[in-house]
Each structure stands twice: as C-alpha cells, then as structure tokens.
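Only one structure is covered here, and it is reproduced in the block below.
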Amino acid sequence: MVNADDHVTTPLEPRPVAASHSELIRWMGIGDANTAGFVHGGAVLKTCDEAAAIAAIRHCGGRVVTAGVDRVTFVEPVYVGELLCCAASVNAAWRTSMEVGVRVEAENARTGERRHTSTAYVTMVALDEHGKPAPVPAALAESDTERRRRREAELRRANRLAERDQILSERT
C-alpha cells in the first residue's frame with residue numbers, strides 16, 4: 001500500500017476492542033456544579049472526551065483529536081460529592097476515525113453503589129506526526145456485545161454521513 005506522500009505503508013493489524021478499554025474516575029466537587037448541586041453537563045462531557053481519547057490512543061497507538069460527540073443522553077444527574085466514572089472503548093474503526101462509546105456512572109464512594117447517568121458516542125480521528133489524519137487498525141469485536149456495538153456504530157456513522165451529504169447538497 002502507498003500513501004499520498006509515496007511512503008510505503010503496511011496494513012495495520014486489527015486490534016481487539018477489549019484492548020482499548022479505559023476508565024476515568026473523578027470526584028465531583030463544588031467547582032463542577034451549578035447552584036442546585038448538580039454537576040454541569042460540560043464537566044461530564046469533558047471527562048467523557050478524556051476517557052474516549054484514552055481508549056482511542058490505546059486502539060491506534062498514536063495521537064488523536066475529537067471530531068464529534070454524538071447522541072449524548074443524560075439519564076440522571078450527578079451530584080457534588082459523587083465519583084464520576086466514565087468507561088470507554090472503541091466500538092468501530094474506519095480508515096482514520098473511530099467511534100468510542102462512553103458509559104457514565106455516578107458512584108457513592110462510601111457504599112460503592114453506582115447508577116448509570118449518561119451515555120455518549122465520541123468520534124476520534126488519529127493523527128500522524130504532521131497533524132494529518134492517519135490510518136487506524138480495524139476494531140476486532142470478539143463478543144456478542146462488541147459485535148452489537150459495532151453494528152450500532154455503523155448505523156450512527158451512516159446516519160451522520162447521510163445527514164452531512166443532505167445538508168451540503170441543499171446549500172448549493
């Protein structure tokens with residue numbers, strides 16, 4: 001295979017989805033919250049983005065940037081004093097981009113009780129040393145859950161691309 005700079009490259013070996021798993025845990029304080037004591041959605045999204053980046057870096061072995069955040073669903077609030085737990089892994093990988101699923105839970109640090117509070121899907125793009133998009137390995141789904149997540153990621157991607165194409169076609 002030859003890339004645009006005429007450098008010979010070798011195909012990347014697929015990497016198991018499980019190898020990309022990351023979890024970030026942060027204690028939520030007053031500075032993370034509004035006056036009602038709920039943690040700001042932006043604080044949750046920042047931690048989601050960081051957990052997604054770690055998963056994407058583990059998958060591709062290089063630098064990544066966030067290309068988009070999709071389908072963020074806030075199910076329950078996170079409160080001051082709780083641990084914010086963001087678990088992430090690559091759902092699917094394409095030529096230079098990856099969808100990373102992030103499950104957010106709030107944990108009572110004293111009891112260990114956790115509850116699901118949010119879900120987000122983050123598209124990350126791998127970069128080469130010049131800051132240009134770089135190839136990523138395929139994501140090897142090994143379990144039924146990983147295969148389901150890959151199918152759902154493909155559907156979300158198809159919808160994003162179709163929406164983009166429709167918007168661009170209507171601008172001309």
Side-chain angles (χ1 to χ4, degrees), residues 1-26 42-75 83-107 114 116-169:
M1 180 181 339
V2 178
N3 68 19
D5 295 328
D6 292 330
H7 293 97
V8 175
T9 60
T10 57
L12 300 170
E13 288 294 318
R15 294 192 41 93
V17 167
S20 71
H21 181 78
S22 72
E23 186 171 22
L24 260 178
I25 301 174
R26 296 242 165 90
V44 174
L45 288 174
K46 180 178 189 281
T47 307
C48 285
D49 187 49
E50 291 171 346
I54 292 167
I57 290 166
R58 284 182 169 168
H59 181 75
C60 73
R63 292 173 43 202
V64 298
V65 293
T66 305
V69 180
D70 224 7
R71 309 275 198 246
V72 179
T73 306
F74 293 100
V75 180
L83 299 178
L84 179 70
C85 309
C86 293
S89 61
V90 171
N91 288 334
W94 299 283
R95 193 175 59 81
T96 62
S97 66
M98 300 156 272
E99 181 192 273
V100 180
V102 184
R103 179 182 171 89
V104 183
E105 297 179 336
E107 179 181 329
R114 282 190 176 197
H116 178 234
T117 63
S118 318
T119 302
Y121 299 100
V122 183
T123 301
M124 307 296 290
V125 173
L127 299 178
D128 66 15
E129 61 278 358
H130 305 294
K132 303 290 184 194
V136 298
L140 182 59
E142 298 175 312
S143 71
D144 288 342
T145 299
E146 290 171 353
R147 285 186 281 278
R148 175 188 55 80
R149 288 177 180 160
R150 182 180 59 207
R151 284 191 309 273
E152 292 169 359
E154 293 287 353
L155 178 59
R156 280 187 292 275
R157 181 174 191 257
N159 288 336
R160 281 191 304 270
L161 293 174
E163 180 182 49
R164 181 193 67 188
D165 291 346
Q166 182 178 356
I167 288 169
L168 292 176
S169 73

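Excluded from the calculations below are hydrogen atoms, water molecules and symmetry mates; all remaining heavy atoms, backbone and side chain alike, are included.
Side-chain atoms of R147 come within 3.5 Å of backbone atoms of E142 as a donor-acceptor pair (strictly under, hydrogens ignored). In this structure a side-chain-to-backbone donor-acceptor pair under 3.5 Å is missing from T96 to V125.
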Point to revise | Candidate pair E99 and R160, rule side chain to side chain contact (heavy atoms under 4.5 Å, CB included), full reasoning | key: CA-CA 12 Å; E99 181 192 273; R160 281 191 304 270; 3.9 Å; yes
Check your understanding: What do the steps show when you test V75 against T117 for side chain to side chain contact (heavy atoms under 4.5 Å, CB included), and what is the final call?
Key -> CA-CA 5 Å; V75 180; T117 63; 5.7 Å; no
**Study point:** Verdict with reasoning, Y121 to T73, per side chain to side chain contact (heavy atoms under 4.5 Å, CB included)
**Key:** CA-CA 10 Å; Y121 299 100; T73 306; over 6 Å; no
Review point. Between I167 and E163, does a side chain to side chain contact (heavy atoms under 4.5 Å, CB included) hold up when you go through it step by step?
Key: CA-CA 6 Å; I167 288 169; E163 180 182 49; 3.9 Å; yes
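Annotation for C86 and V102: closest pair CB-CG1, 4.0 Å, computed over non-hydrogen atoms. The heavy-atom pair separating S118 from F74 by the smallest distance is OG-CD2, 3.5 Å. Shown here for R149 and R156, the closest heavy-atom pair between the two residues is O-NH2, 4.2 Å. In terms of heavy atoms, N91 sits closest to V100 at ND2-C, 4.2 Å. Closest non-hydrogen pair, A87 versus H21, comes out as CB-CE1, 3.9 Å. For the pair P137 and A93, the tightest heavy-atom approach, listed with the atom from each and the gap, is O-CB, 3.3 Å.
Note on residues 56-67: pairs passing side chain to side chain donor-acceptor pair (under 3.5 Å), not counting sequence neighbours, are D49-T66.
In this view, K132 satisfies the salt bridge (charged side-chain N to carboxylate O under 4.0 Å, His left out) rule with no residue, not counting sequence neighbours.
The pair R150-E154 fails the salt-bridge criterion, with no side-chain N (NZ, NE, NH1 or NH2) lying under 4.0 Å from an Asp/Glu carboxylate O.
The CZ atom of R103 lies 9.5 Å from the CZ atom of R114; values are rounded to the nearest 0.5 Å. One finds the CE atom of M124 at 12.0 Å from the OG atom of S20 (value rounded to the nearest 0.5 Å). From E146, atom CD reaches atom CZ of R148 across 10.5 Å, with rounding to the nearest 0.5 Å.
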